[in-house]
Amino acid sequence: MKISTQFFVVALTFFLGLSELAAQQENTPIIGIVKDDKGEVLPYVNVALLDEASESLITGAVTDEDGHFLLSVIKEGNFYLSVSSIGYETYRTEAFTLKTGQKRDFGVLTIKDEAATLGEVTVNAQRAQIVIEADKTIVNIEGTVLAEGNTALDVIGRSPGVFVDSDGNINLNGRSGVVVMLDDRQTYMSATDLADFLRAMPADNIKSIEVINNPSSRFDAEGAAGVINIKLKKNDLNGINGSANLGYRYNGIHAPTAGANLNIKKGKWTTNSSLNYNEWAQYNDLEILRRFELDEGTSSFDQEARLKLIRKNLFFNGGTDYKINDSHSVGINLQASRQNGTEDGLSETLISNPSTIDLNNLKAINDGRSDNNRLFGNFHYVGNLDTLGTKITADLDFTQMNAGSRSLLSNRYWLNDDLLNTDFNRILTENAMDYHIFTAKADYTRPLGKGKEVEMGVKGSWVKSDNELQLFKSEEEGPFMPDQNSNRFIYHENVLAAYGNYKTGLGEKLKLQAGLRLEYSDITGNSVTSNQINSQRYLDYFPSVNLNHKISDNYQITYTGNRRITRPNYRLLNPYVFYIDPLTVEVGNPTLTPQYATNLEMNHTIKGMYQVSLGYSRTQNAFGQIMVQDEETRTTSIQVQNLDVTENLNLRMIVPVEFAPWYTSNHTLQVSNNTFQSQLGDEMLDVSQVSMMARTQHNLTLGKGWKAEVVGTYMSRSRYGQMVLNGLAWVDAGITKSFKDDKWSMSINGSDLLRTQRFAGNIRFDQINTNVAQYNNIQSVRVGIRWKFSQGENFRVSQQSGSTEERNRLD
């Protein structure tokens, strides 16, 4: 065993050993009896203890047959009790202070029959959809039109500073390299897998989305652009509750969806599960005009293509938690998914040649099939070690994924209109991928009093991937023969990490949080076919700082800074050659190294609602998709390479406006200046571009269960390395109707109503002169119906999942 691994095991054992302190903690009892306004005792009533400041649940109990309740608490602080039962008004006590060992007897608590207030009618405005905090921006989804009929990917794309392109890639503040988390845990998925997963998740399952531009050292250093954390709804019922939904989407292709979730809480056991089926389908219409400058003149390739993509996703998520006592709990989480996909395409290219009027024709037909099976398991432990709030958490995770694809590219060539004399060849590609990931982590939090707190933790991840790509070619109707570009690539990655984070007050108006994370990486890539081995070993440090200055109750400034990393996904490091069409290939890059970003931001928050932020980021070895043309063979290769330096300067504004209690809106504006500098072959890329993204979102509560939403988005001209994208704008809208006491709801949503979300751009660099236009049939209509059911009383359930970021880089 290596010394670094031995250190990790010792550190992990130390953190887990701290949980033994819990046996020495003293509980504080809270007792009382619940009656109705007629003096009758009420059995099976829910009594919850909540923190006064955050309103988060501390613990809870249900009254016995005589109406008595008992809560055992190990934490000091200011709290209140919430007492609720079906058919009765929720009762809330005054806030009180709890000291260790001091018994608190509330005597008789009386709750009123709900029927006594049925004659009253109250109209409530929607809560603020965007909440701005010192270290993150929260987008509330629960109870909004966003939650009905949309997917998780839809609502992420409407968060401040976030842009999701037509392929499902997520950008934050104009930068790639975003980590997406689910309930504070990594999602373990590549960009493609993650997009499919988020398309399969109904937005109704989401409580809120947290956009964290500059995460602290507690977070994994992975994700140069920041973190998006999806917070799922928690089970609010003691007993059984859940929902079922059916949906349908049409954009030229029929695509059904269906799902159900079930939550059960009984005694110390809490179980939650969900099963979702989703079909995502679209046409991808592509136009490419490439020009090649030859000695005898210009040759052009005018290509039109249509690709039909269908993904059928089945995803299961289930977990069980057991509360050992008031201080300790353990649980498991299991995720299993299966995806089958097809990619069928037709491409026609017209080729002109200098000094002749003859035209060459190329017709390419692609028939592709893919499958993906994934299994994820997690074991977690949570321990509250004393009444001060000392806490330890630990996670063990295992992920296994098997993926395969098969693509047959059939190509036919002829001159002018002479279809009787054609040449024919075929390219067969078979790809098999297998991944195994094991991770372990532990986190320890210790309050020190007077606003001071220390956090520390360790983490280890062990990754192995095996990727085999086989290519075969056939001339005319002859047999398939192996191609020299076939390749097998085996990848090993071990990362050991440790961090420390310290929070303190610097007077009444200043709060400081500073931390440091260390990560040791041991990476080996073995190209078996070419007998080429690349190894990397390095120790990296990732500091973070957050200084909050509360100038007044309505105005605060937060200064943040950190250093972060984005490692290349495992597939990109494979030196493969993949044929997109006979004239275009995608090439792997075994020399690709991680990109490092230094991020700074100054965030002004006014009245907790309005935000003006100024940020700067400098990324070294930034990933960039580079196009290279061979003028002699007139072929094009695409490869992800490291750019020397990229810089991003951005201004972000969030302005909510309430026109009326039933009409609220949020408006975001982002202006960025992106600079790219890198030596590419014999030419120097040194370009910059100012771009703007504006989004206006309007929510209307129309009464009698009707809600509506309209969202408009505009993106100006922008640049990504070699590529310049033209400006575009689009409009989305939706309407929902709830009935039967909100147990049933129906929704209709339309995307890209005016069919204007069409991407077009060009590359003018070195000898490359290419124009590209693409439309992914985003214009669509979705309809859905949802049924919610419950049997039980208000109570809260915790949900947990995994811990690491390695699966984010699978592809």
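Predicted, not measured: the structure shown is a model, and the values here were computed from it.
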> How many angstroms lie between CD1 in Ile228 and CD1 in Ile212, if you round to the nearest 0.5 Å?
Replying inline: 9.5 Å
>> Less than 4.5 Å apart, side chain to side chain, heavy atoms only: is that true for Arg564 and Val227?
In response: yes
>> A side-chain contact here means heavy atoms from C-beta on lying under 4.5 Å apart; do Ile557 and Ile551 qualify?
In response: yes
>> Between Thr63 (side chain only) and Val45 (backbone N and O only), is there a donor and an acceptor less than 3.5 Å apart?
In response: yes
> Out of curiosity, Asn140 CG to Ser208 OG, how far, rounded to the nearest 0.5 Å?
Replying inline: 6.0 Å
> To the nearest 0.5 Å, what is the distance between CZ (Arg786) and OG (Ser745)?
Replying inline: 6.5 Å
> Should the heavy atoms of other residues, nucleotides or ligands under 6.0 Å from NZ of Lys323 be counted, would the total exceed 12?
Replying inline: yes
> Distance-only, no hydrogens or angles: does the Ser217 side chain make a donor-acceptor pair with backbone N or O of Gly515 under 3.5 Å?
Replying inline: yes
> Do the side chains of Thr137 and Gln611 get nearer than 4.5 Å, heavy atoms only?
Replying inline: yes
>> Do Asn241 and Lys788 have side chains that approach each other closer than 4.5 Å (heavy atoms only, starting at C-beta)?
In response: no
>> Are Trp269 and Thr320 packed together at the side-chain level, in the sense that at least one heavy-atom pair is separated by less than 4.5 angstrom?
In response: yes
>> Would you say the ring centers of Phe96 and Phe106 fall short of 6.0 Å from each other?
In response: yes
> What closest approach, in Å, do Leu396 and Ala440 show between heavy atoms, and which atom pair accounts for it?
Replying inline: CD2-CB, 3.4 Å
> Is the shortest heavy-atom distance from the side chain of Asn46 to the side chain of Val83 under 4.5 Å?
Replying inline: no
>> What I'd like to find out is whether the side chain of Tyr610 reaches to under 4.5 Å of the side chain of Pro656, using heavy atoms alone.
In response: yes
> With no hydrogens and no angle check, is any side-chain donor or acceptor of Arg446 less than 3.5 Å from a backbone partner on Thr390?
Replying inline: no
>> On the six-membered ring of Tyr80, is Arg92 placed so that its NZ or CZ lies under 6.0 angstrom from the centre and within 45° of the ring axis?
In response: yes
> At what distance, to the nearest 0.5 angstrom, does CD of Glu210 lie from CG of Asn229?
Replying inline: 4.5 Å
> Are Glu455 and Arg218 ion-paired here, with the side-chain N under 4.0 Å from a carboxylate O?
Replying inline: yes
> Any idea which heavy atoms bring Thr97 and Arg104 closest together, and the distance?
Replying inline: O-NH1, 3.9 Å
> Quick one: which of Gln556, Gln513, Lys511 gives a side chain to side chain donor-acceptor pair (under 3.5 Å) with Asn548?
Replying inline: Gln556
>> Assess, by modelled atom type and distance only, whether the side chains of Ser544 and Asn562 contain a donor and an acceptor separated by less than 3.5 Å.
In response: no
> Where is the tightest heavy-atom contact between Ile332 and His380, given as atom of each residue plus distance?
Replying inline: N-CE1, 3.8 Å
>> Between Leu262 and Ile240, is the side-chain contact (heavy atoms from CB on, under 4.5 Å) condition met? List the steps.
In response: CA-CA 7 Å; Leu262 179 67; Ile240 301 174; 3.6 Å; yes
>> Closer than 4.0 angstrom, basic N to acidic O: yes or no for Arg652 and Glu601?
In response: yes
>> With rounding to the nearest 0.5 angstrom, report the OG1 to CG distance, Thr59 to Asp326.
In response: 5.0 Å
> Which pair of heavy atoms, one from Pro160 and one from Leu172, lies closest together, and at what distance?
Replying inline: O-CD1, 4.2 Å
> Between the side chains of Asn384 and Ser327, is a donor N or O closer than 3.5 angstrom to an acceptor N or O?
Replying inline: no
>> Please check this pair: side chain of Thr93 against backbone of Leu81, looking for a donor-acceptor N/O pair closer than 3.5 Å.
In response: yes
> Where is the tightest heavy-atom contact between Leu448 and Tyr502, given as atom of each residue plus distance?
Replying inline: CD1-CE1, 4.0 Å
> Does the side chain of Asn261 come under 3.5 Å of the side chain of Ser243 through a donor N or O and an acceptor N or O?
Replying inline: yes
> Quick check: does any side chain N or O of Lys268 sit under 3.5 Å from a backbone N or O of Ile324, one acting as donor and the other as acceptor?
Replying inline: yes
>> Assess whether a salt bridge exists between Lys441 and Asp443, defined as any Lys/Arg side-chain N lying under 4.0 Å from an Asp/Glu carboxylate O.
In response: yes
> Should Lys459 and Asp220 count as an ion pair when the cut-off is N to O under 4.0 Å?
Replying inline: yes
> Would you say Ser329's side chain and Asn325's backbone share a donor-acceptor pair under 3.5 angstrom?
Replying inline: no
>> For the residue pair Asp397 / Asn378, report whether a side-chain donor-acceptor contact shorter than 3.5 Å exists.
In response: yes
> Distance-only, no hydrogens or angles: does the Asn699 side chain make a donor-acceptor pair with backbone N or O of Tyr663 under 3.5 Å?
Replying inline: no
> What heavy-atom pair brings Pro29 and Leu70 nearest, and what distance separates the two atoms?
Replying inline: CB-CD1, 4.0 Å
>> Hydrogens and angles aside, do Asn272 and Asn317 bring a side-chain donor and acceptor to less than 3.5 Å of each other?
In response: no
>> Testing the 3.5 Å rule here: is there a donor-acceptor pair between the side chains of Tyr559 and His549?
In response: no
> Just by modelled atom types, is the Val162 backbone N or O under 3.5 Å from a matching donor or acceptor in the Ser159 side chain?
Replying inline: no
> Does the side chain of Val545 reach to within under 4.5 Å of the side chain of Leu512, using non-hydrogen atoms?
Replying inline: yes
> For atom CG of Asp741, is the number of surrounding heavy atoms from other residues, nucleotides or ligands below 6.0 Å larger than 12?
Replying inline: no
> Distance from Ile209 atom CD1 to Met181 atom CE, nearest 0.5 Å?
Replying inline: 14.0 Å
